[in-house]
Each structure stands twice: as C-alpha cells, then as structure tokens.
Amino acid sequence: MYLSRNGIRFITITSIVIAGTLGGLFFWHHVPHKSPAPLINKTFIETELGTRENIIPIAVIGSGPAGLMAALYSARAQYYTVVFRGEKPGGQLMGTTDVENWPGIAKKRGPDLMQGLEEQAKGCGVICASESIAQVDFSVWPFILETKEGAKVQALSVIIATGSLPKLLNVPGEQEYWGKGVTTCAVCDAPFYKDKEVVVIGGGDSAAEEALQLSAYAKKVTLLVRGERMRASSAMQERVKSIPSINIVYHAEIVSIEGSKTVSTGTASAGTASAGAHVTGINIKKNGVPELMKTDGVFLAIGHLPNTGIFKEYIDCDTAGYIHTIGRSQATSIPGIFAAGEVADHSYMQAGVAAGDGIKAALDATRFLGEHHIEPSLIQQFKSKLYNPQSEKRLALYKVVSMEDFDKLISTSAIPVIIDFYTLFCPSCLAMLPHLESVAAEFEGAVTICKVDGTELPKIMERYEVTSVPTMLVFKENMLIGRHKGSFSRAELAEFVQQFTAGKSAA
Ligand code: NDP
C-alpha cells in the first residue's frame, strides 16, 4: 500500500490498482507500460488537483540542451516549469571545448553556451532545481517524482531529457584507478598531463575530440582504436592526423590498466587503489600480441549508455535502453510523458538535434495539458500548491586567494575546514558549486567550506598531492583529516560534510 502525502491511498492487488480520491473512485487495469490516462479527467482536475501538494505542471528531468530548450518553450507557453538539473547539470556540452555548430554562434565554449542557455530559460520563467530525480511512479497520475534530496512532487506532465552516460571498459584496473589517471573528461583533466604521455581509447568523434584537447598539454597522445578504422567524422580524423604528437594504434584490444600501487582484486569492480597511487601503464593486445604500454593517463571515449534506469519499468524502450518515441512526436508509451535528446536518440546525437527534440517535447506537453483542460489560467488557481525549490538557503562560498590566506584559515579555524579544489574548465566542478553553497549554508557554524581555484594556486595542490579536480580536503586544527576525489550530488555532499561536524548540528 502506498500512502501519499495528502492521504490519498493507492492499493496494489496483483495487477489491479484502486485509486481512492476525494472526488470519486476510478479503476483501471494496472500492468507495467500501461498508462494511467483514464485518471486524467475534468472532474478529477476540478475537485482533486487543488488538494495536492508540490504540483508541477511540466517537470523536466535533465538540464542539457534538450531539457533547457523544452523548459524554455513550456515556460514561454505560460506553464509553470521546473527543471531538475540532475547530477551533471548542463549535460555533455559542459565537457566540450569549442562548439562551432550551434545556430547563430560561430564559436563558443560548451560550458559558456550551456550557462547562457540556462540564464535564457530562467529569464523566461523556468525554475531550475539543483536536485536529481531518484525514483518515479508513472503508474499513477499526477506522476510522482522523488528527488535524491528527499522531496516528492506530483507532475502533471514530464519531459525526460536525462541524456546518456559514458560507457566503461570493465577491465581490471579501471575502477581501482578511477580518478587516479583513469577518466572520461579530457577537458577537465588535460592540464594535469602537461608534458606527460596519455592514451585515449575509442575511435569516434568523442575520442578524436579528447585526443585534440589533450594534445595541447601532453607530450604524446596515443589513440587506441579497436578496429581497423576510426568511426569519427572525416573532418575530425583529418584534424587528429594533422597533429604530430597524436599517434593512432589500430587493432588494439584493452586488457587491463596498471598502476603504481596495484591492489590484488582480479576484477574491475573490486577495490580502489590507495591515495597517491596513479596509472603507470595499460596492457593491450595489438593484433593479438600482448604489449604493456607506459602511460600516465587513460581517457575513455567509447560511447554512451542512455540514462533510462528508473523509467524502464514504465516506458517502452528499445533493446539498447533508449526510450521509444511515437512517430514524429516526442510522445512515449505513456500519455503525458515525453522524451527528448540522447535518452531517446542513438542516431544523431547532436546538441542542436537534442534542443529541437526538447522544443517538440514542450509543444507536445503543452498540447497534452491543453487537451485535458489544464490551461495556465487553471494552474493560477492553485498557485500556493506548486513546488518551489528556490526556497533553498544559499551562502556565498569563501574563495581562498593566496597561500598565506590558506595557511591562516586552516591553522586558526576552531571548526573543521573543507576545501574544494576546482577549476573553471572542469564541468563537474562548476556543477557542484551550487551544491557547495547550499551545503555551506546548511552547516554554517559547524564547518567552514571554501573553494580554491587549482589553476590560480597550484602550489597548494602540489603540497597535498591533489592531482585531479574536483577534490575535497578536510582540515581540523591544522591537520588533514579527510579527502574525497570526484564530484558529489547535493545529498552525498551533505552526508560527507555531516561526518566532520562532531555532533554539532547544522545551522
Ligand atoms: P561512438 O559510438 O560514435 O564511438 C565509440 C567508439 O568507441 C567507436 O570507435 C567504438 O569502436 C569504440 N568502442 C566501443 N566500445 C569499445 C570497447 N569496449 N573497447 C574499445 N573501443 C570501444 O561514440 P562517441 O561518444 O564518439 O560519439 C557519439 C555521438 O556523438 C556520435 O554521433 C558523434 O558523432 C557525436 N559527437 C560529435 C562530436 C562533434 O561533433 N564534435 C563530439 C563528440 C561526439 P567501433 O567503431 O569498433 O565500434
């Protein structure tokens, strides 16, 4: 039995769901992939909707080009729209250097483009929530979305724009040395490989892009392609082949990744190497012949998997996990749920196409709501019931500006000090800054959270062997007492900070 916040009960008996509402009872056959469409009727909307809490007429999950363009269009259509920015706000363009194929803009950095798009969407009235959706229930309407941060919202329509995640090799050493030389983000980590040797795995456009980014820093870049040719566009292949420091090795099968302090695991998923350990080489089979290649870094660029895990139970997906959309629309197998961008597209995979899909999804969603008599004017009637994540408290983060500043801070503070090392070219670092501000406000008085730009103060990074960003160091009474490498969601960050508060409650 599921008891919702306002006391409406949904009782599941094998395959029948009975929904008891204040306005009346509705029955429908409940099987996965079957829609709750019969519940969406005028009586329900007039009598029941206003009794619900945390309502969102159009909820957008994901904040890449598809999600933000969808939100921009639905907000311009006067629908209250909330974007759940997710774990990787801005999507894949946040990891792209120069974008030259965005309409009307000759050249712009990916992160700048996405920041501009988010500002544009906010200007149209879009609410951007620094939350991630952890669970959904699409068997009921309004659809239920639960955030990782603990909120439960009721969405009248949903646009899924969650994109895709990088594929992993699943070879020994990959997990052990993750963040210690193994990475998927050249734009984040390339500056740490100045005058070093690196390998890039893959033969697509992403691999070509990573190799080009790395060639600006590393003295040697080896592109390991498993087949006899690259899959990247001929223009990208030409650019890669024109750089003398990039060497392409074909017929290269990846066997394992070696490091300075290898742990005896035998599997890719078990164990992690100790702090200070780093990648030293990669075992490959070249035309079937084993070879240990020396390298300081391994950059994976072997494609992506759609981010559909939490939706698959409800929505029709293809065998690779991509959401199936109907005809030329962005509609999915459930009326009221739409999908846009790479989560539903494995053929074009371009930011411009994702943005276009987002626009179509918004037009589909607004049409869906209109057809069910849910006009913007009706939503005005239950304004106080709308979900508003903007009430979140924020504290401006103190930025450490010099070595002296840093030393003074960690030696004089009476409470633990958490330092976040970031750079302006690291997308996951930038995505985490709003979480840091919000968590700093939550724990004000119990811990001090500050940020250090690693490119401005590299000496502090060297002193504490910080080799990648984001990394967090925790100091108490001038002693280093904690360390974390990699990005956090807001919930994970709050949990990490909590352990250093020594019983003091958050402000
Ligand atoms: P792709 O699927 O295009 O390429 C993946 C590459 O990784 C292929 O060369 C593939 O080899 C290889 N690969 C896959 N699995 C393994 C493995 N286990 N071991 C070794 N190699 C492996 O993915 P991309 O991320 O490169 O590109 C996705 C889409 O995004 C494409 O449509 C691309 O055009 C687009 N894109 C465009 C960019 C641009 O315009 N600048 C930049 C980045 C991406 P094989 O060929 O043998 O299957």
Side-chain angles (χ1 to χ4, degrees), residues 64-66 88 90-103 105-111 113-114 163-175 182-188 190 199-215 222-241 246 248-257 268-269 282-288 291 293 295 298-307 318 320-322 341-357 427:
K88 295 199 162 69
Q92 290 180 54
L93 277 192
M94 295 295 283
T96 306
T97 43
D98 291 330
V99 179
E100 298 178 337
N101 48 8
W102 188 263
I105 293 174
K107 194 188 258 192
K108 201 161 190 167
R109 284 177 68 240
L113 194 68
M114 292 316 296
S164 55
L165 278 177
K167 272 193 207 164
L168 301 180
L169 287 164
N170 291 318
V171 297
E174 185 181 48
Q175 289 301 321
V182 182
T183 172
T184 54
C185 185
V187 76
C188 309
V199 299
V200 176
I201 300 166
D205 281 320
S206 301
E209 170 109 20
E210 300 242 317
L212 291 168
Q213 285 161 357
L214 284 158
S215 67
T222 306
L223 198 54
L224 297 176
V225 180
R226 69 175 172 185
E228 61 184 8
R229 66 174 67 92
M230 287 181 72
R231 189 195 284 218
S233 65
S234 42
M236 289 296 268
Q237 288 195 39
E238 285 312 310
R239 283 180 66 193
V240 165
K241 287 172 187 167
I246 302 179
I248 307 173
V249 176
Y250 296 96
H251 296 293
E253 181 196 339
I254 312 306
V255 179
S256 65
I257 295 165
S269 57
I282 184 163
N283 283 304
I284 64 165
K285 277 188 187 165
K286 195 158 87 187
N287 288 310
E291 179 181 329
M293 196 178 266
T295 188
V298 175
F299 289 78
L300 307 182
I302 59 171
H304 292 85
L305 290 172
N307 237 330
D318 68 13
Y322 289 88
E342 285 190 18
V343 75
D345 165 30
H346 48 73
S347 22
Y348 297 105
M349 304 187 88
Q350 296 296 309
V353 177
D357 283 355

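Ligands are counted one by one from 1 in listed order, and the atoms in each one are counted from 1 as well.
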Engineer: Show which atoms of ligand 1 fall inside a sub-4.0 Å distance from at least one heavy-atom site of Ala301.
Structural biologist: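 What qualifies from ligand 1 is 7 (O).
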
Engineer: Using modelled atom types only, decide if a donor and an acceptor are shared between the side chain of Glu174 and the backbone of Asn170 within a distance under 3.5 Å.
Structural biologist: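 Side chain of Glu174 to backbone of Asn170: a pair is present.
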
Engineer: Holding to salt bridge (charged side-chain N to carboxylate O under 4.0 Å, His left out), I want the full list of residues that pass it with Glu253, two or more places apart in sequence or in another chain.
Structural biologist: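 Checked Glu253 against salt bridge (charged side-chain N to carboxylate O under 4.0 Å, His left out); zero matches.
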
Engineer: Testing Val298, Ile284, Leu300 for side chain to side chain contact (heavy atoms under 4.5 Å, CB included) with Ile254, which one passes?
Structural biologist: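 Looking at Val298, Ile284, Leu300, the match for Ile254 under the side chain to side chain contact (heavy atoms under 4.5 Å, CB included) is Ile284.
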
Engineer: If the condition is ring-ring contact (aromatic ring centres under 6.0 Å, His included), which residues does His251 pass it with, not counting sequence neighbours?
Structural biologist: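 His251 satisfies ring-ring contact (aromatic ring centres under 6.0 Å, His included) with no other residue.
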
Engineer: Within a distance under 4.0 Å of any heavy atom of Gly202, pick out the atoms of ligand 1 and give their elements.
Structural biologist: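 Listed by number with element, the hits are 7 (O).
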
Engineer: Would you mind finding which of Arg226, Arg231, Glu253, His304 brings a heavy atom closest to atom 16 (C) of ligand 1?
Structural biologist: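 Looking at heavy atoms only, Arg226 sits closest to atom 16 (C) of ligand 1.
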
Engineer: Distance-only, no hydrogens or angles: does the Asp205 side chain make a donor-acceptor pair with backbone N or O of Ser233 under 3.5 Å?
Structural biologist: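 It does hold such a pair.
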
Engineer: Measure the distances from the heavy atoms of Gln350 to every atom of ligand 1 and state whether one is below 4.0 angstrom.
Structural biologist: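 The answer is yes: ligand 1 sits under 4.0 Å from a heavy atom of Gln350.
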
Engineer: Can you list the atoms of ligand 1 that are under 4.0 Å from a heavy atom of Gly204?
Structural biologist: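 Atoms satisfying the 4.0 Å criterion: 4 (O), 6 (C), 9 (O), 26 (O).
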
Engineer: Okay, side chain of Glu291, backbone of Lys285: is any donor-acceptor separation there less than 3.5 Å?
Structural biologist: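 No; judged by distance alone, with no hydrogens or angles, the pair does not exist.
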
Engineer: With a heavy-atom distance limit of 4.0 Å, tell me whether Val225 approaches ligand 1 through its side chain, its backbone, both, or neither.
Structural biologist: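 For Val225, no heavy atom sits under 4.0 Å from ligand 1.
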
Engineer: Taking heavy atoms and a distance under 4.0 Å, where does Ala232 meet ligand 1: side chain, backbone, both or neither?
Structural biologist: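 Near ligand 1, Ala232 shows nothing, with every heavy atom at 4.0 Å or more.
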
Engineer: Compute the minimum heavy-atom distance from Leu169 to ligand 1 and say whether it is under 4.0 Å.
Structural biologist: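 It does; at least one heavy atom falls under 4.0 Å.
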
Engineer: Using a 4.0 Å cutoff against the non-hydrogen atoms of Glu209, which atoms of ligand 1 qualify?
Structural biologist: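 Under 4.0 Å from Glu209, ligand 1 has these atoms: 41 (N).
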
Engineer: Only heavy atoms of Ser206, strictly under 4.0 Å: list the atoms of ligand 1 that pass.
Structural biologist: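 Contacts of ligand 1 toward Ser206, numbered from 1: 24 (P), 25 (O), 26 (O), 27 (O), 43 (C), 44 (C).
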
Engineer: Measure the shortest side-chain to side-chain distance between Leu93 and Pro65 over non-hydrogen atoms and say whether it is less than 4.5 angstrom.
Structural biologist: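 Touching, per the 4.5 Å side-chain cut-off.
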
Engineer: Can an N or O of Gly227 be found at a distance shorter than 3.5 Å from an N or O of ligand 1?
Structural biologist: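 The answer is no, given that Gly227 and ligand 1 share no N or O pair closer than 3.5 Å.
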
Engineer: If you measure only the distance, is there a donor-acceptor pair under 3.5 Å linking the side chains of Ser164 and Gln92?
Structural biologist: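 Yes, side-chain donor-acceptor contact under 3.5 Å.
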
